[in-house]
> 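Below: one structure in structure tokens.
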Amino acid sequence: MDCTKCDREAVLHAAYSGAHLCEHHLRASVEKRVRRRIREDGLIGDDATPQNPETWLLGLSGGKDSVVLGSILADTFAEDPRIELVALTIHEGIKGYRDESLDAASAFADEQEISHEVVTYADEFDLEMDRVVEKDPENMAACAYCGVFRRELLAEYAEAYGADKLLTGHNLDDEAQTAMMNFLEGDVAQMAKHFDASLGPFPERSESTEFVPRAKPLRDVPEKEVALYAHLADLPVHMAECPHSSEAYRGEIQQLLFDLEERHPGTRHSIMAGYEEFAKLAAEAYRGDGPDLGECERCGGTTTREICRTCQLTEAVHAA
Ligand SMILES: [Zn+2]
Ligand SMILES: [Zn+2]
């Protein structure tokens, strides 16, 4: 089958748009969607100038999503001194797995000449995910612990770098799964939080929160296209799945969306269009209505509890 836009051979059929794309036009299309998302989200602050650039901190795992996003950002801003890109890799203490993806992350950052820092759960929390999984004091999925620790470190380092934005490589499939999970759990407050934390236009958001705003400029691109892009651009990525990843519910949702998309192409896009609209309304309705923020008794971090979730979990692991 030929490419819809030229007479080269197609490497992808995007059923949701009807397009057949060759290597060249697939890459161009992915890049275009990321740049459009940056523009439509108003990601580049009005105050950013070459003399006073914004700092964007990229969470760089070494997996395909963050490497593809980093590569497109580096290309996009190579000639645009309004944005300075820095990368942070978090080593959770997962033997084998994270060591390999850390190599990919370092190779990528070197290649792109992006300033790159590595932080470990061992240094920061005196624990490793391999041990957390073994002890499991709260009887939760590994990802639930890991997510709390990772969010904490990303936020902490974004603050320490004086970053204006915190960017992560979530793709369309990740975001559609999260949206569906929030819908099916009936958790409207969570949707409002999701919107405030990482969707919608930025000026509004930074006024409504004291945290460094988060952005997901890859969220219009399906996972399969991200993987194909990484392969075609010959990027250094680590493809293995985390050995502890066993979020059973997310797995079910993933399968459900996969089946729906097969039979009704465009489902993920329409879920996200509706979800973002709805989450925005929810965020407006809930704004100022949340529990009061205070300081954690242990670490002084911002929390709605007496002891923040991170301190609570690290203490539980150390006590187990
Ligand atoms: Zn083409
Ligand atoms: Zn704390």
Side-chain angles (χ1 to χ4, degrees), residues 1-36 59 68 71-72 75 88 90-93 119-129 131-132 135-138 140 142-161 163 166 193 197 209-212 214 220-222 224-235 265 290-320:
M1 183 70 80
D2 281 348
C3 175
T4 309
K5 301 187 172 198
C6 71
D7 52 18
R8 276 174 283 207
E9 199 187 331
V11 293
L12 173 91
H13 174 228
Y16 59 86
S17 68
H20 295 264
L21 296 172
C22 70
E23 177 171 338
H24 169 79
H25 282 110
L26 168 71
R27 286 178 62 176
S29 160
V30 170
E31 290 159 9
K32 193 171 124 191
R33 276 174 275 168
V34 170
R35 288 176 188 143
R36 186 181 60 203
V68 165
S71 168
I72 295 173
D75 287 347
L88 181 75
I90 295 173
H91 196 310
E92 304 94 339
V119 296
T120 69
Y121 286 1
D123 287 345
E124 298 283 337
F125 304 126
D126 191 27
L127 54 78
E128 306 202 311
M129 274 312 292
R131 204 178 85 201
V132 173
K135 304 227 175 201
D136 188 16
E138 306 249 314
M140 310 191 295
C143 304
Y145 294 96
C146 201
V148 170
F149 299 144
R150 185 183 315 106
R151 273 193 298 277
E152 167 74 25
L153 287 186
L154 283 171
E156 199 176 292
Y157 275 79
E159 198 74 48
Y161 270 105
L166 168 58
K193 227 163 101 186
T209 166
E210 60 184 283
F211 303 105
V212 176
R214 301 185 60 151
D220 293 329
V221 184
K224 186 177 159 193
E225 293 173 49
V226 178
L228 204 49
Y229 186 101
H231 173 70
L232 295 172
D234 201 19
L235 294 170
D292 290 340
L293 291 174
E295 282 184 6
C296 169
E297 283 179 11
R298 299 279 194 278
C299 70
T302 308
T303 178
T304 56
R305 315 156 186 242
E306 283 179 10
I307 298 173
C308 77
R309 187 74 175 136
T310 308
C311 288
Q312 196 191 340
L313 288 183
T314 49
E315 281 172 20
V317 172
H318 289 142

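As a basis for the values below, the full set of heavy atoms in this structure was taken, side chains included, without hydrogen atoms, waters or symmetry mates. Every number for a ligand or one of its atoms is a count from 1 in the order of the listing.
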> Check whether any side-chain N or O of D2 sits under 3.5 Å from a backbone N or O of C6 as a donor-acceptor pair, and report yes or no.
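Answer holds: no.
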> Do the ring planes of Y121 and F149 sit parallel (below 30°), tilted (30 to 60°) or perpendicular (above 60°)?
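The arrangement is perpendicular - the two ring planes meet at more than 60°.
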> Which N, O or S atom name in H25 marks its closest approach to the Zn ion (ligand 1)?
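Atom name of the closest N, O or S in H25: ND1.
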> Would you check if T303 and R309 make a side-chain contact, meaning some heavy-atom pair closer than 4.5 Å?
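The answer is no; the side chains never approach within 4.5 Å.
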> Side chains of F125 and T310: closer than 4.5 Å at any heavy-atom pair?
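Heavy-atom side-chain distance check passes, below 4.5 Å.
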> About how large, to 10 degrees, is the angle SG of C22, then the Zn ion (ligand 1), then SG of C6?
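Nearest ten degrees: 110°.
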> To 10°, measure the SG(C299)-the Zn ion (ligand 2)-SG(C308) angle for me.
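Rounding to the nearest 10 degrees gives 110°.
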> Quick check for you: with the Zn ion (ligand 2) as the vertex, what angle do SG of C296 and SG of C311 span, to 10°?
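Taking the Zn ion (ligand 2) as the apex, I get 110° for this pair.
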